[in-house]
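Worksheet: the structure to be examined is printed underneath.
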Amino acid sequence: MSLGERPALLSVDGLTVTYPGGASPTVSEVAFEVAAGETVTLIGQSGSGKSTIANAVLRLLSHVGARVGGTVRFGDRDLLRLSDREFRGLRGHELGYVPQDPSHSLNPVRTIGAQLAESLGHRELLGSVLAGHRQRAARHEQVVELLRRVHLPHPEVVARNYPHELSGGMLQRVLIANAIAGDPALIVADEPTSALDVTVQQSILELLDSLKRDLDVGLLLITHDLALAAQRSDTVVVLDAGRVRDHGPAASVLRNPQSEFAARLLADIPALAPGKYADAKRRAETHEHRASALEVRGLVKTFGRGGSAINAVRDVSFAVPRATTHALVGESGSGKSTIGRIIMNLERPDSGQVYLDGAEVTATGRRELKQLRRNLQLVYQNPFTSLDPARSIDYLVAEPLLRHRIGTRIERAERARELLELVGLGAKSASGLTPARLSGGQRQRVAIARALALEPRVLILDEPTSALDVTVQAQILDLLVELQQRLGVSYLFISHDLGVVRQFADTVSVIRRGRIVETGSAVDILEHPEDDYTRRLVASVPWFPGVSEAV
């Protein structure tokens, strides 16, 4: 029996969700079905209602007082009409859930084994001595087997670990183990790979696929990554402003989108438009960039001593020509961010030098460090944590000028307005808005404006778009390209997203375990990789079968 002929495991019809104080519903008249063994993916921008739908299916909205209408049938039961006691018997058993962020989903003071034991209903492993030694040992083995099913290495050791002792990819596997502990018929996975690098992302998605096949479960996947949806889905539901804009087989919808919104989402995917900025890069060649704006030579950094020493950076050298973008790519833990911190003098290298416009910039005193910070600025991955939430955006943009005693109060305020206008936030200037009242993309624009306040020669961009959906990401990249053309600024772009790197960067260095394995033109390295590690990274990028080739 094909997926289309199998009876619906989950049937959502007319789902409408309204939050308290909302003038209109956040989700309106949404309908779709999930069959056993099928992956249905909800895709859309941030705020499109994807997670609200998942939370409605799992009955996780009652604590915020949301009004939920329509029907959500699971088999022959309407989940919205069940009592709390009846539904608790389903959630965690017949309904599994994989949340987005392991750091907020796992208890940091309890071992992985103890938390999985609770999901299995074996509270004896939480410290009780009610069960005999043999019984506890047998139930501990069930926990270990659960970890083994999600392909975690050394599951006996992992069971004794605490969450902080595991990597992001390992924690995500623990959450998947938790979701399948009750042998569910349906798994709801909310952005399960959004914070992971491409190779770990691929392994997590392959794990979900294998569990779907082996256990014949239905999978409701929530993501903003259309390339991922195309590669891993049977059916996609495209959402915008809480309404369904496109719905059907993944290949059909994403090769021939019927709505303008879906077509726009498709156009914003970097892997499908690698030459988007080719003309801009050719125009940028009018800048004099034969000399290097930034150069590092022989950087070495080791953390720890003796047998526990970690060689984070191993003899790294590269150059960033003026008015160009050089990317550092590699998996999590490869040393990319450590290199950025060394350049910013936030870490001291064991050996090696950093040069800015040919002059060594190793800061040894307060005055030298202050001058360095004028010419090198850093844009962090998460602007919400790097911007003072109590200050207005005008103050935040002008603050570097204040710290360096540049201009009068009126001049600084005028400069802040000019910078906010430059990054497309002129309408927000002088409004008193704080970062909390802006979207993720708007906050990143504020962070970029702040970084430009001192007119630096080089911006270090540390994963500046990884937390943004594809449309907002495209807007930020457009902005950065425009600023580079207008100002001649150079970028060091740190990323694990090879689709973005291929589209945005001029040159690239691929880093593995602190060492550069390939460096050169982004086009050459990513389209014709020579190193096995680079080839594996490129092969891990989600792509559209029949629509485009991987970067």
Side-chain angles (χ1 to χ4, degrees), residues 58 88-197 199-217 219 221 304 307-308 310 331-333 513:
L58 295 167
R88 279 196 299 270
L90 295 177
R91 190 166 57 203
H93 297 282
E94 295 184 55
L95 288 171
Y97 177 46
V98 182
Q100 178 175 357
D101 188 354
S103 65
H104 291 128
S105 306
L106 294 170
N107 190 327
V109 298
R110 292 171 59 204
T111 65
I112 297 301
Q115 295 183 65
L116 290 178
E118 184 177 22
S119 296
L120 287 164
H122 301 330
R123 296 184 180 274
E124 292 86 348
L125 291 180
L126 305 183
S128 170
V129 295
L130 295 177
H133 173 73
R134 184 174 299 176
Q135 187 178 10
R136 290 200 305 274
R139 290 177 174 176
H140 175 73
E141 181 54 36
Q142 286 183 283
V143 170
V144 172
E145 177 58 28
L146 194 58
L147 294 171
R148 191 175 288 118
R149 286 173 68 184
V150 295
H151 309 304
L152 275 166
H154 313 296
E156 297 87 354
V157 176
V158 171
R160 296 193 296 270
N161 286 147
Y162 290 88
H164 73 273
E165 297 177 296
L166 303 181
S167 69
M170 294 175 75
L171 288 174
Q172 202 64 50
R173 288 176 182 269
V174 169
L175 291 182
I176 295 172
N178 190 63
I180 66 172
D183 293 323
L186 175 72
I187 295 176
V188 179
D190 189 358
E191 298 275 11
T193 63
S194 63
L196 305 177
D197 59 54
T199 52
V200 179
Q201 178 188 84
Q202 184 185 48
S203 69
I204 293 298
L205 293 171
E206 288 175 350
L207 171 62
L208 287 171
D209 279 348
S210 68
L211 291 172
K212 182 185 69 172
R213 290 192 304 269
D214 296 344
L215 305 177
D216 198 32
V217 300
L219 179 61
L221 180 65
S308 61
I310 298 174
E331 296 172 292
S332 298
R513 297 176 182 173

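The distance from atom CG of L120 to atom CG of N178, rounded to the nearest 0.5 Å, is 8.5 Å. With rounding to the nearest 0.5 Å, the separation of CZ in R160 from NE2 in H140 is 7.0 Å. Taking CD1 of I180 as the reference point, atom CG of L207 lies at 7.5 Å (rounded to 0.5 Å). For the atom pair CG of L95 and CG of L58, the computed distance is 6.5 Å after rounding to the nearest 0.5 Å.
Nearest heavy-atom pair across R110 and P163 is O-CD, 3.5 Å. Taking every heavy atom of both residues into account, A179 and Y97 meet most closely at CB-O, 3.6 Å. Taking all atoms of both residues into account, the shortest heavy-atom contact from L175 to S105 is CD2-CB, 3.9 Å. For the residue pair L116 and A177, the shortest heavy atom distance occurs at CD2-C, 4.2 Å. Considering all non-hydrogen atoms of both residues, V217 and P184 come closest at CG1-O, 3.0 Å. Between A189 and L219, the shortest heavy-atom distance links the atoms CB-CD1, 4.2 Å.
When the side-chain hydrogen bond (donor to acceptor under 3.5 Å, both in side chains) test is applied to D209, the partners found at least two apart in sequence or on another chain are R232. Partners of E331 by side-chain hydrogen bond (donor to acceptor under 3.5 Å, both in side chains), not counting sequence neighbours, listed by chain and number: T199, Y533.
Side-chain contact between N107 and Q115: present, with at least one pair of heavy atoms (C-beta onward) separated by less than 4.5 Å. Looking at heavy atoms from C-beta onward, E94 lies out of side-chain contact with L186 at the 4.5 angstrom threshold.
Taking a 6.0 Å sphere around CZ of R91, one finds it holds more than 12 heavy atoms contributed by other residues, nucleotides or ligands.
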Below 3.5 Å, can you tabulate the donor-acceptor pairs from side chains in residues 144-153 to any protein atom, sequence neighbours excluded?
from: E145; atom 1: OE1; to: R148; atom 2: NH1; distance (Å): 2.9
from: R148; atom 1: NH2; to: E156; atom 2: OE2; distance (Å): 3.2

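A side chain to side chain contact (heavy atoms under 4.5 Å, CB included) with N161 holds for exactly one of V174, L166, T111; it is L166.
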